Amino acid sequence: MTNNEDVGRTVQRAKRDDNSITAKFTQDDAEQIRAVVKNVGVLEGYGSVNDFVEAAVKRELRRVQRKYNGGKKWEGIKAGGLRPGRRTRAETAAHEDHS
């Protein structure tokens, strides 16, 4: 199906909860995300940047659940349940060691 055939078509999607998380990307990464959605989004099933990012996050969630929690979900953390703000210097150094 081409983009022209999609015009006027209503797509049924699962309703999302009213929870939102904001993520920041480097300019290069943001441009690449937009390029994926523009160039192959329809082919890959990504109707928006949010669809693409959500799919990537879900894949990573499943990966770390398998690696660290026997493939099971952890107990959820409500909004406001994490320390706000930037990483500490130690957290930044540890993250850079794994990149």
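Since the structure is predicted, the reported quantities are computational estimates derived from the model, not experimental observations.
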- To the nearest 0.5 Å, what is the distance between NZ (Lys73) and CZ (Arg62)? 10.0 Å
- Side-chain contact, heavy-atom cut-off 4.5 Å: Val49 with Phe25? no
- Note on the structure: side chain to side chain donor-acceptor pair (under 3.5 Å) filter on Glu31, not counting sequence neighbours, yields Gln27
- Message: Would Phe52 and Val57 count as a side chain to side chain contact (heavy atoms under 4.5 Å, CB included) here? Give the steps.
- Response: CA-CA 9 Å; Phe52 177 76; Val57 168; over 6 Å; no
- Message: Atom CG of residue position Leu43 - does it have more than 12 heavy atoms of other residues, nucleotides or ligands inside 6.0 Å?
- Response: yes
- Checking Asn39 side chain against Ala35 main chain: does a donor-acceptor pair fall under 3.5 Å? yes
- Item | Atom pair CG/CD of Asn69 and Glu75 - distance to nearest 0.5 Å | 11.0 Å
- Charged N to carboxylate O under 4.0 angstrom, Glu91 versus Arg83? yes
- Query: Just how far is it from atom OH of Tyr68 to atom CZ of Arg63, taken to the nearest 0.5 Å?
  - Reply: 6.5 Å
